[in-house]
Amino acid sequence: MTSNRTLHTTCAYCGVGCGIQAVVTDAATRQIHIQGDRNHPANFGRLCSKGAALAETLTLHGRLLNPEINGETVSWDAALDLAAETLSATAREHGPESVAFYLSGQLLTEDYYVANKLMKGFIGSANVDTNSRLCMSSSVAGHKRAFGADVVPGCYEDLEQADLIILTGSNTAWCHPILYQRIKAAKQQRPQMKVVVIDPRRTATCDIADLHLPLQPGSDAWLFNGLLAYLARLGALDYEYLEQHTEGFGVAIKAARAAETADIPSVARHCGLKEGEVAAFYDWFRKTPKTVTAYSQGVNQSSSGSDKVNAIINCHLATGRIGQPGMGPLSLTGQPNAMGGREVGGLANQLAAHMDFTSDNVERVGRFWNATRMASQPGLKAVDLFDAVADGRIKAIWIMGTNPVVSMPDADKVAQALSRCENVIISDCIRRTDTTEYANILLPALGWGEKDGTVTNSERRISRQRALLTPPGHAKPDWWIISAVAQRMGFGAAFNYRNSRDIFIEHAALSGFENTPEQTLRAFDISALEILTDAEYDALEPIQWPVNAATPQGAARLFQDGGYYSPSRKALLSPITPQPPRGKLDENYSFALNTGRIRDQWHTMTRTALAPQLNAHISEPYCDMHPQDAERLGFEQNDLVRIRSRHGVMIARAHITDEQAPGQLFVPMHWTAQYSAVGRVGALVNPVTDPYSGQPESKHTPVALERFEAAWHGFIFAREELNLEGAPYWTKIRGTRFYRYELAGAAPIEDWSQWAQSLLSASDQSESEWLEYQDSATGKYRSACFTGDRLTACLFIGPTPDLPERSWLASLFDLEALTHNDRLGLLAGVPRSDAAHAGRTICACFGVGENTLRQTIREKGLQTVEAIGQCLNAGTNCGSCIPELQKLL
Ligand SMILES: Nc1nc2c(c(=O)[nH]1)N[C@H]1C(S)=C(S)[C@@H](COP(=O)(O)OP(=O)(O)OC[C@H]3O[C@@H](n4cnc5c(=O)[nH]c(N)nc54)[C@H](O)[C@@H]3O)O[C@H]1N2
Ligand SMILES: Nc1nc2c(c(=O)[nH]1)N[C@H]1C(S)=C(S)[C@@H](COP(=O)(O)OP(=O)(O)OC[C@H]3O[C@@H](n4cnc5c(=O)[nH]c(N)nc54)[C@H](O)[C@@H]3O)O[C@H]1N2
Ligand code: SF4
Ligand SMILES: [Mo]
């Protein structure tokens with residue numbers, strides 16, 4: 001790959017799908033420089049903290065670079081032969097249903113397409129599910145019920161044109177940061193624009209909210225049913241639209257008028273809200289035609305997620321607010337290619353190209369594929385699929401691009417299922433994950449910046465991800481790996497692809513295949529792209545489907561004039577009976593555990609945790625709790641707490657905040673066994689699912705909360721990675737020139753000095769020098785290890801979590817030689833030099849810490865975020881930290 005050429009690609013992370021301009025500055029050392037692509041219609045040049053740090057994640061540290069069988073490096077031929085033989089033999093001996101694929105919204109469309117084709121058309125089972133089941137399946141079910149097809153009707157521009165934006169179950173500021181910034185910018189330009197945030201927590205997103213509704217977990221359907229009843233009461237519905245373009249209003253309004261949602265006081269009671277808050281929200285909705293309701297996991301991840309989605313869509317259909325500029329329901333998709341996966345039929349209950357398992361569709365797709373063995377009915381959804389692995393019905397599973405031992409509910413059971421399954425094939429780009437541990441066959445996949453294909457974002461926009469770097473080691477594209485296995489299984493003719501373009505045009509052709517009102521009219525149609533040449537595919541500009549003869553340049557909005565995809569071509573309003581979360585609190589499990597994301601980490605951290613700048617904002621698993629709960633249980637800020645459900649247990653740092661409602665806890669989903677001893681929250685999450693979508697209720701699990709009794713607390717900085725296995729509590733954080741470990745022990749340690757030396761001996765050279773300080777009376781111990789004047793490790797122990805500031809110590813690892821003062825400071829546990837004492841990083845882009853910010857704000861009397869930016873640059877690049885800057889002000 002040539003250096004210093006500008007390439008255009010798409011971000012690896014969230015469903016916003018930002019365009020990136022990348023320049024490879026040194027191909028040999030994998031150095032690239034990236035910035036937002038000014039011409040990409042998703043971001044117009046902006047990038048958030050995660051996107052901006054992509055270059056830092058291209059390190060080969062921890063990469064899987066060779067195929068392995070049972071832990072031994074093997075040739076591709078050996079690995080592919082065994083994978084093919086395993087799948088063929090299992091299907092032959094136990095039937096196709098004994099084989100499963102578990103895929104990911106982080107695969108490219110082309111990878112996804114071939115995996116789905118192999119399983120559903122050639123192995124003959126529909127046991128292909130994907131992590132999108134945990135993510136978007138309730139939205140898919142809601143869309144299909146309402147529109148007859150899985151279609152997002154609007155586009156991002158609607159967020160700028162709306163006069164009222166409702167963000168429900170979405171922490172947009174942290175999870176879709178660039179859309180949040182677009183909303184924020186629009187609101188600054190048009191201050192009359194109102195934003196309502198609906199979330200049990202007061203999140204960073206509330207920074208731009210005119211109204212925050214902290215509803216009871218899972219009560220959304222009461223709120224939106226109540227809204228429908230209210231609008232009907234005040235004659236604020238669009239009866240003409242209802243008449244012309246919809247069905248089902250009668251039953252929907254009857255359900256909404258049920259006693260629980262018949263009036264504002266009843267709604268307020270069921271949602272745990274104040275009547276005035278509900279009234280204000282309803283009044284704004286009624287008066288504001290240009291309304292967008294954007295929603296994400298707070299809506300989807302629920303045992304009644306699809307009903308919540310339909311309760312929202314009902315309100316938009318009944319007011320005709322759909323498909324018009326500035327109006328509509330907008331499902332914010334999570335992963336970079338969650339949408340692409342839905343297009344190719346990656347879910348077990350879809351076939352391909354928006355077709356399902358009706359017999360004529362099975363026949364149609366089979367004919368198009370020249371399939372040898374078509375699956376004829378839906379397969380198992382994620383939770384059921386891993387249950388089938390656990391009880392031996394599924395005997396071979398191929399997992400690609402996802403980490404279910406972390407991200408599935410009841411995750412310990414998933415680990416157990418995989419440990420018992422004899423044939424676990426895993427394609428990943430990282431060698432050690434909580435899931436690869438169980439692989440019999442491990443296949444090295446190309447990652448972002450190496451792979452080449454397409455992704456579709458939340459507004460149906462297909463963009464190219466392009467290769468910037470040459471493949472490292474023996475890693476191969478996922479589509480290549482799948483096709484090579486298919487060929488060895490004897491399906492060569494159907495998997496004879498030269499490159500991702502060959503796959504894309506086949507996928508495009510299938511989307512248009514017999515796609516007519518007489519045959520099977522489907523929304524997803526990109527048939528105008530089936531003629532792309534290699535060069536045209538390479539140069540493909542971002543485009544929103546449908547892309548067909550009617551709209552060759554794509555379409556921003558659908559359904560302006562009805563034209564839904566049901567048999568009657570009308571939309572369907574559904575009668576919704578609100579349901580509370582399935583898990584009931586009781587005296588043993590009295591807290592409701594909510595889980596979700598933090599600003600700077602992506603899912604199971606396999607990539608974001610490689611970038612030091614992304615580890616500084618929040619560096620440990622934590623548990624948000626209300627001050628009243630903390631007081632009742634006697635917790636202080638930063639105490640360690642044990643959280644326990646009927647399924648599993650974890651330890652996290654108590655974070656006491658009134659942003660969290662009493663009786664509720666919030667824990668991030670990100671930590672794994674690679675980065676913590678007991679930080680996997682998935683182990684606790686109850687595996688209850690939505691009856692229509694099969695999506696798990698990851699936002700609500702009854703749990704117990706208790707103190708983790710620590711005899712001591714401590715942390716270590718070391719230049720080398722350490723092995724802390726056996727310590728009851730540890731977390732690992734990768735810095736620029738160090739690894740940092742936070743740790744705690746349940747039993748006292750006899751000889752600190754000996755313990756420290758044995759622990760740090762990995763980084764202890766023979767010529768190393770030790771400095772130590774011990775105060776047995778107070779239980780304090782500190783030591784530092786030097787090679788010459790260079791600090792190689794340091795360790796701080798105390799009786800409470802109140803230990804020295806970490807950012808100052810981190811900065812000492814940037815120095816080649818420590819001064820006498822620094823050494824004194826080290827042992828005293830307080831800075832003695834001018835070495836930066838920046839505090840916890842707030843702005844990841846410029847590495848600006850909390851202490852620096854507080855001090856500068858105080859000393860210079862700064863009043864605005866802009867003023868902070870002028871002084872310290874903080875907040876001027878990606879803007880993800882602005883809500884926190886605001887809070888400091
Ligand atoms: N930084 C970062 N960004 C990401 C990701 C990441 O890992 N890190 N992942 C991406 C992916 S795959 C996804 S799916 C998206 C998810 O994006 P979001 O859905 O915005 O993120 P979450 O934090 O999972 O949950 C959103 C909010 O739902 C709230 N919530 C919980 N229960 C309820 C409820 O009953 N009703 C309502 N109204 N709200 C509730 C939670 O308190 C939480 O603040 O983020 C994407 N973007
Ligand atoms: N408790 C709780 N659990 C949740 C959620 C929650 O809110 N709370 N959210 C759920 C949601 S919405 C989602 S989307 C899931 C996400 O959960 P996962 O999909 O399990 O998380 P990731 O860390 O994104 O896993 C991606 C894996 O694929 C690898 N990978 C990256 N790129 C490639 C590639 O190109 N090819 C291959 N073969 N591998 C690659 C990565 O190294 C990593 O191991 O988690 C779900 N689980
Ligand atoms: S908002 Fe951030 S993570 Fe999402 S696509 Fe854009 S740059 Fe990537
Ligand atoms: Mo997701």
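Remember, it's 1-based here, ligands and their atoms both numbered in the order they're listed. Predicted, not measured: the structure shown is a model, and the values here were computed from it. Position 1 is the first residue of the sequence, and the numbers go up from there.
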Between [options], which one has a non-hydrogen atom sitting closest to [atom]?
atom	options	answer
atom 13 (C) of ligand 2	Arg431, Arg597, Lys476	Arg597
atom 26 (C) of ligand 2	Ala12, Cys14, Cys175, Gly401	Gly401
atom 14 (S) of ligand 2	Met408, His603, Arg133, Gln297	His603
atom 6 (C) of ligand 2	Met136, Gln301, Gln106	Gln301

Taking N, O or S atoms only and a limit of 2.8 Å, check whether Cys48 reaches atom 8 (Fe) of ligand 3.
no
Residues 680-689 vs side-chain hydrogen bond (donor to acceptor under 3.5 Å, both in side chains), sequence neighbours excluded, gives Asp412-Arg680, Asn686-Thr701
Kindly state whether the ring of Tyr102 and the ring of Phe386 have centres lying under 6.0 angstrom apart.
yes
Tell me the protein heavy atom at minimum distance from [atom], and give that distance in Å.
atom	answer
atom 44 (O) of ligand 2	Asp428 OD2, 2.6 Å
atom 1 (S) of ligand 3	Ile178 CG1, 3.3 Å
atom 8 (Fe) of ligand 3	Cys11 SG, 2.3 Å
atom 4 (Fe) of ligand 3	Cys14 SG, 2.3 Å
atom 35 (O) of ligand 2	Lys451 NZ, 2.6 Å

So is [X] in contact with ligand 2, going by heavy-atom distances below 4.0 Å?
X	answer
Trp602	yes
Ile430	yes
Ser104	no

Side chain of Asn440, backbone of Val424: donor and acceptor closer than 3.5 Å?
yes
Check whether Phe666 forms a cation-pi arrangement with Arg201 (NZ or CZ under 6.0 Å from the six-membered ring centre, at most 45° off the ring normal).
yes
Sub-3.5 Å N/O-N/O distance, [X] and ligand 2:
X	answer
Thr606	yes
Lys699	yes
Ser698	no
Leu446	yes
Thr433	no

Tell me whether [X] is salt-bridged to [Y], with the criterion being a basic N under 4.0 Å from an acidic carboxylate O.
X	Y	answer
Arg466	Asp452	no
Arg432	Glu437	no
Arg431	Glu68	yes
Arg607	Glu56	no
Glu343	Arg460	no
Asp129	Lys381	no
Arg599	Glu884	yes

In terms of side-chain heavy atoms, does [X] have a donor or acceptor partner in [Y] at a distance below 3.5 Å?
X	Y	result
Thr109	Asn337	yes
Asn171	Thr205	yes
Asn403	Thr604	yes

Report the part of [X] (side chain from C-beta onward, or backbone N, CA, C, O) that has a heavy atom under 4.0 Å from ligand 2; answer both or neither where that applies.
X	value
Ser427	both
Asp111	neither
Val685	side chain

2.8 Å cut-off met by an N, O or S atom of Cys18 to atom 6 (Fe) of ligand 3
yes
Compute the minimum heavy-atom distance from Leu47 to ligand 3 and say whether it is under 4.0 Å.
yes
